[in-house]
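Keep in mind that what you see is a predicted model, and the values were worked out from it rather than measured. In what follows, every heavy atom counts, from backbone to side chain, and hydrogens, waters and symmetry copies are set aside.
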2 protein chains.
Amino acid sequence: MADAASNLLKGWETIEPTGNTREKLLDVAQELIQTRGINAFSFQHLSQAVGIRKASVHHHFATKADLIESLMARYLADFEGLTKGILASKVNGKTKLKRYCNLFLETLKSGKHEKSCLCGMLMAEVSSVEEPVQNQIRQFLRDNLDVLESILRDGSRDGSLNVTLNSQKSIKSTALVVLSTLEGGLLIARSDHGPEQFSGMVTRLVALLSAT
Amino acid sequence: MADAASNLLKGWETIEPTGNTREKLLDVAQELIQTRGINAFSFQHLSQAVGIRKASVHHHFATKADLIESLMARYLADFEGLTKGILASKVNGKTKLKRYCNLFLETLKSGKHEKSCLCGMLMAEVSSVEEPVQNQIRQFLRDNLDVLESILRDGSRDGSLNVTLNSQKSIKSTALVVLSTLEGGLLIARSDHGPEQFSGMVTRLVALLSAT
DNA sequence: CTTGAGCTACCTACCGATTGGTAGGTCTTG
DNA sequence: CAAGACCTACCAATCGGTAGGTAGCTCAAG
């Protein structure tokens, strides 16, 4: 590592298309935040993991707030793509609900260490993020509650889920129960008995909402 | 249950609580962790809030890990007292469940800023705490799941709650769903629409588990 | 074809502030 | 006088961030 000069020269031969470093920084930052949290990761860790110097990270993201905002924007877009895929699939509501829950399970299982939802981690440390990111968090919640509401409505219509639809408030509350369960379940499973525990919980949650 | 404070002492001749400074330190630390998280509070903040110097905090708690361990020990004991009171009360299971959920609502509403569950915050930042505290977290989870299981069993017996009891695994999973919902709901409500939102979610959760 | 301005991406070296923690002294009280 | 509680003064490490420089690429003007 001491011969940074030769690293520099040899590095350029195998340089890849621009934009790659920035994405890699976001990838590592996301993994670090999902495993450790926002206040337990630093530009130092980030730079070491990616293989560039700390100051170079600032070239891509001026401040930590900028980094997190960019990261959340990407996360929101990714999640929206995944949920749209589920909503568009031609299966009944119960199956859609299962698939939606599996997004969280996959998050927990992916990577070397057990990860939580990025937005869940930011919610826990919400007092440490700037206002733009707080708005992004609320956006994530609104998006997901809308998706869940849609799924619950589908399931109620096709008879696979049992949700009382007479009250507009009721279905929104049910969506909130589901999202809360998934977010809380991730945190608990990560500290306790891992993906298996989470998976069992999801099964029970879906059963609670299923038609008898 | 062993008092963690006595672990710091060679002998156990000083069981009696020392001056209230120590308790005040724990109070402030708990409030800071519940609002900001473990990595966003420092001995500096703590000393300023209590009105003593930073070095004096170290007189009461040698390290940050010691502080958190003592804090969690107190929290576990407090929570156990509260839940025992609920379990012992002569009301039906559904009412017990409502009262249990209200413990979390009260946590959210208490204090100047909106607070989450201490254990929920530690779960989010679990990678930043030492092994003894990780064990305390798991203890908290086990205690609460046992309490919930007991409540659900009561409600099933007296007919106020509708939980399929044929499977031992089912009732444990249901307890986990409830705890996850409460922990996740605290985080969401704190970032979104506050105690009202949480309260509405709890109402829906109880309804989902109620006898038709 | 060459030159050089301007760009991106990265670097070394530094900044003040804050972190958790320690050494050692002072004051009070039983 | 012993011990608990609190103090001042310090430490190395790390934090987010900045200043200023360099290597390679692109592209237009001479």
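- If you check every strand for non-hydrogen atoms under 4.0 Å, B:Phe41 touches sugar and phosphate atoms only.
- Contact annotation: B:Thr21 side-chain N/O to D:dA5 OP1/OP2 distance is not under 4.0 Å.
- A:Thr107 and A:Gln34 get closest at one heavy-atom pair: CG2-NE2, 4.1 Å.
- The distance from the CG atom of A:Asp66 to the NE2 atom of A:His58 is 10.5 Å, given to the nearest 0.5 Å.
- Rounding to the nearest 0.5 angstrom, the gap separating the CE atom in B:Met72 from the CG atom in B:Leu67 is 13.0 Å.
- As judged by a 4.0 angstrom heavy-atom cut-off over every strand, A:Ser56 is placed among the base-contacting residues.
- In this model, the phosphate group of C:dC10 is approached by a side-chain N or O of A:His60 to a distance below 4.0 Å at OP1 or OP2.
- With sequence neighbours excluded, the residues that form a ring-ring contact (aromatic ring centres under 6.0 Å, His included) with B:Phe104 are B:Phe79, B:Tyr100.
- Non-hydrogen atoms lying under 4.0 Å from DNA chain D are contributed by nothing in residues 122-135 of chain B.
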- Message: Checking B:Gln139 against B:Asp143 for the side chain to side chain contact (heavy atoms under 4.5 Å, CB included) test, could you report, in this order, the C-alpha distance in whole Å, the side-chain angles of both residues, the deciding distance, and whether it holds?
- Response: CA-CA 6 Å; B:Gln139 185 64 48; B:Asp143 288 351; 2.8 Å; yes
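- Between the CD atom of A:Gln48 and the C1' atom of D:dT14 there is a distance of 11 Å, rounded to whole Å.
- Rounded to whole Å, atom P of C:dC15 lies 21 Å from atom CZ of A:Phe43.
- Between A:Leu87 atom CG and A:Leu148 atom CG the span is 9.0 Å, to the nearest 0.5 Å.
- For the pair B:His45 NE2 and C:dT19 C1', the interatomic distance rounds to 10 Å; values are reported in whole Å.
- The CD-P distance, from B:Gln44 to C:dG21, rounds to 14 Å in whole Å.
- Of the candidate nucleotides C:dT19, C:dC11, D:dG17, D:dG17 has the atom nearest to the side chain of A:Lys64.
- One finds the CZ atom of B:Arg153 at 4.5 Å from the CD1 atom of B:Ile171 (value rounded to the nearest 0.5 Å).
- Nearest heavy-atom pair across A:Gly194 and A:Leu108 is C-CD2, 4.1 Å.
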- How far apart are the C-alpha atoms of A:Leu209 and A:Val177, what are their side-chain angles, what is the distance that settles it, and do they pass the side chain to side chain contact (heavy atoms under 4.5 Å, CB included) test? CA-CA 11 Å; A:Leu209 297 168; A:Val177 165; over 6 Å; no
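- One finds no side-chain N or O of B:His59 lying less than 4.0 angstrom from the OP1 or OP2 phosphate oxygen of D:dC6.
- Set against D:dT8, C:dC10, D:dC15, the side chain of A:Ile52 has C:dC10 as its closest nucleotide.
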- Item | Contact letters for nucleotides 22-30 of chain C, in which S counts primed atoms plus P, OP1 and OP2 and B counts the base, heavy atoms under 4.0 Å | BB-------
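- Distance CZ (B:Phe61) to P (D:dA5): 11 Å, rounded to an integer number of Å.
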